[in-house]
Engineer: 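First the structure, then my questions, so here it is.
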Amino acid sequence: MGAGFKKFCMRFCCCCCCEDDEEEEKRPLLSHDTLEYFDREAKKRRDQETNLWNEPGDPSHSERDDDRTLYNLLQCRANTQRGSQGYRRLSIDIEAMRDMRREVRDKWKMILENLGFMAEAESLLTVSTSASNDRMRNAAVARSLLQTLHTETSLFNSKEPPPERYLFIMDRLIYLDAAEDFVAKARRFYPPKDDDDDDEEEEENTNRINLPLLLSHMNQNISGGEDEDDEGETTGPEE
């Protein structure tokens, strides 16, 4: 009936009711400002997950040395001319730190998928800076199991305390009655390494990234990049 009425108006009426209806149909449901707000929020969440902060509730990213180092590297790169040699060196250091953290995350994802959480693994591993200890249901048990993973498996490949973000993930697994199975799988897939393996891994990690030197290099990266640009060296933008 609506289509027939429109045809009738177009043939016999001199009013513009049909044109008004078409204009209303073309009017967007969401304003441009609203869409930009959602885009900014989505980008913020992606950035949080990309940076993989160890302590989700630490907005200053200063509670752990590696968090503070990564944050300072990102801030330093933001103030460096894009495409310069200093910018590229900072990008390499940043990606090296992110690769080490992604390696741990990939191990967790593999175990979760092996337990049957094929579709849920990504959401279970997602922890944003809005995570709060008050929202955990079994914080004490989760911390105990996380410490077991740290001491009885090679899941984290580090002698430092495990990242706080995985405490929230373990709490979710307890709620799903899958925490004990996860620990058993971790023991099986990533057993503790002996001293020789630890020495080889420590040497490999040292070759990949030397955290104590990064902070001292950051200021040099900026000045070095500017000097090279002044000498006429040109580089393309980072991909």
Side-chain angles (χ1 to χ4, degrees), residues 41-71 95-194 197-198 201-202 204-205 208-209 211:
E41 291 299 311
K43 182 178 183 301
K44 185 186 300 184
R45 289 192 295 270
R46 289 194 300 269
D47 290 343
Q48 290 175 354
E49 186 61 23
T50 299
N51 294 329
L52 293 174
W53 306 120
N54 284 315
E55 312 294 342
D58 175 26
S60 65
H61 310 300
S62 60
E63 291 186 5
R64 287 174 61 111
D65 291 339
D66 52 347
D67 275 350
R68 183 167 57 253
T69 300
L70 177 57
Y71 180 79
E95 286 307 308
M97 292 196 68
R98 286 175 172 171
D99 285 342
M100 294 174 64
R101 297 181 175 193
R102 278 193 290 259
E103 181 180 351
V104 175
R105 188 180 189 277
D106 290 342
K107 292 179 180 179
W108 278 72
K109 183 178 180 181
M110 187 275 291
I111 297 176
L112 288 174
E113 291 178 344
N114 190 269
L115 289 173
F117 296 102
M118 302 296 295
E120 300 85 0
E122 285 292 339
S123 59
L124 285 172
L125 291 171
T126 299
V127 179
S128 67
T129 54
S130 62
S132 171
N133 292 325
D134 297 336
R135 298 180 181 179
M136 287 195 293
R137 301 175 179 87
N138 302 278
V141 179
R143 191 173 296 278
S144 177
L145 291 175
L146 191 63
Q147 183 62 26
T148 299
L149 291 175
H150 183 243
T151 57
E152 299 182 13
T153 73
S154 58
L155 197 59
F156 291 105
N157 291 334
S158 174
K159 296 180 181 179
E160 297 181 359
E164 192 80 5
R165 64 183 292 106
Y166 289 101
L167 181 65
F168 296 93
I169 299 170
M170 183 57 65
D171 182 70
R172 296 169 184 173
L173 295 179
I174 294 174
Y175 178 76
L176 296 172
D177 198 23
E180 295 290 346
D181 292 336
F182 184 94
V183 173
K185 291 286 186 181
R187 286 194 179 108
R188 176 185 174 186
F189 294 146
Y190 301 101
K193 296 183 178 180
D194 55 32
D197 292 338
D198 290 340
E201 185 176 357
E202 183 177 354
E204 180 182 355
N205 289 335
R208 290 170 60 185
I209 182 170
L211 295 180

Engineer: Calculate, to the nearest 0.5 Å, the distance between atoms CG and CG belonging to Asp181 and Leu115 respectively.
Structural biologist: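 Atom-to-atom, Asp181:CG and Leu115:CG are 6.0 Å apart.
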
Engineer: Measure across Asn54 and Pro163 and return the closest heavy-atom pair with its distance rounded to 0.1 Å.
Structural biologist: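 Residues Asn54 and Pro163, closest heavy atoms: OD1-CB, 3.1 Å.
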
Engineer: Just so I know, are the side chains of His61 and Leu70 near enough to count as touching, which here means a heavy-atom distance under 4.5 Å?
Structural biologist: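 No, side chains not in contact.
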
Engineer: Less than 4.0 Å between a side-chain N and a carboxylate O, is that true for Glu95 and Arg102?
Structural biologist: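 Between Glu95 and Arg102 there is a salt bridge, with a charged N closer than 4.0 Å to a carboxylate O.
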
Engineer: Can you tell me how far apart CG (Asn138) and CE (Met136) are? Round to the nearest 0.5 Å.
Structural biologist: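 Nearest 0.5 Å value for the CG-CE distance: 9.5 Å.
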
Engineer: Does anything in residues 164-187 form a ring pair (Phe, Tyr, Trp, His ring centres under 6.0 Å)? List the pairs, not counting sequence neighbours.
Structural biologist: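 Listed once each, the pairs are Trp108-Tyr166, Trp108-Phe182, Phe156-Tyr166.
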
Engineer: Do Ile111 and Leu155 have side chains that approach each other closer than 4.5 Å (heavy atoms only, starting at C-beta)?
Structural biologist: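 Answer yes - side chains close enough.
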
Engineer: With a 4.5 Å cut-off on side-chain heavy atoms, are Arg105 and Leu125 touching?
Structural biologist: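 Counting from C-beta outward, Leu125 and Arg105 do come under 4.5 Å.
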
Engineer: Can you list everything that forms a side chain to side chain contact (heavy atoms under 4.5 Å, CB included) with Glu180? Sequence neighbours excluded, please.
Structural biologist: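 Testing Glu180 for side chain to side chain contact (heavy atoms under 4.5 Å, CB included), a comparison that skips the adjacent residues, returns Leu145.
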
Engineer: Given the rule in the side chain to side chain contact (heavy atoms under 4.5 Å, CB included) test, do Met97 and Asp66 qualify, once you have shown the distances and angles that lead to the verdict?
Structural biologist: CA-CA 8 Å; Met97 292 196 68; Asp66 52 347; 3.9 Å; yes

Engineer: Does OH in Tyr190 sit with more than 12 non-hydrogen atoms of other residues, nucleotides or ligands closer than 6.0 Å?
Structural biologist: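 Yes, the 6.0 Å shell around OH holds more than 12 heavy atoms from other groups.
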
Engineer: One thing to verify: whether Asp67 and Arg101 come together as a salt bridge, which I'm taking to mean a side-chain N less than 4.0 angstrom from a carboxylate O.
Structural biologist: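 Yes, this pair counts.
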
Engineer: Is there a side-chain contact between Arg187 and Thr148 in this structure, where contact means two heavy atoms from C-beta onward sitting under 4.5 Å apart?
Structural biologist: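 Yes; the side chains approach each other to less than 4.5 Å.
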
Engineer: Taking all atoms of both residues into account, what is the closest heavy-atom pair of Ser154 and Pro191, and its distance?
Structural biologist: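 Looking at all heavy atoms of both residues, the shortest contact is OG-O, 3.0 Å.
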
Engineer: Would you indicate whether the side-chain heavy atoms of Val127 and Arg172 approach each other to under 4.5 Å?
Structural biologist: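 Touching, per the 4.5 Å side-chain cut-off.
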
Engineer: Closest approach of Met170 and Ala179, non-hydrogen atoms and distance?
Structural biologist: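 Taking Met170 first and Ala179 second, the nearest heavy atoms are SD-CB, 3.8 Å.
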
Engineer: Determine whether a donor-acceptor pair (N or O, by modelled atom type, separation under 3.5 Å) exists between the side chain of Arg137 and the backbone of Ile174.
Structural biologist: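 Flag not set: sc Arg137 to bb Ile174 has no pair under 3.5 Å.
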
Engineer: What are the two closest heavy atoms between Ala186 and Leu149, and how far apart are they?
Structural biologist: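 Nearest pair, atom of Ala186 first, then Leu149: CB-CD2, 3.6 Å.
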
Engineer: Side chains of Gln147 and Ser144: closer than 4.5 Å at any heavy-atom pair?
Structural biologist: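 Heavy-atom side-chain distance check fails, nothing below 4.5 Å.
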
Engineer: Taking salt bridge (Lys or Arg N to Asp or Glu O under 4.0 Å) as the test, write out the residues that go with Glu164, two or more places apart.
Structural biologist: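 With sequence neighbours excluded, Glu164 shows a salt bridge (Lys or Arg N to Asp or Glu O under 4.0 Å) to Arg143, given in chain and number order.
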
Engineer: Nearest heavy-atom pair of His150 and Pro162: which atoms, and what distance?
Structural biologist: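 Shortest heavy-atom separation between His150 and Pro162 comes out as CG-CD, 3.8 Å.
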
Engineer: Any side-chain heavy-atom pair from Leu112 and Glu120 closer than 4.5 angstrom?
Structural biologist: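 Not in contact.
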
Engineer: Backbone N or O of Ser62 within a donor-acceptor pair of the Asp58 side chain at under 3.5 Å?
Structural biologist: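 Yes; judged by distance alone, with no hydrogens or angles, the pair exists.
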
Engineer: Answer yes when Asp106 and Lys109 have at least one side-chain N-carboxylate O distance shorter than 4.0 Å, and no when they do not.
Structural biologist: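 Salt bridge: no.
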
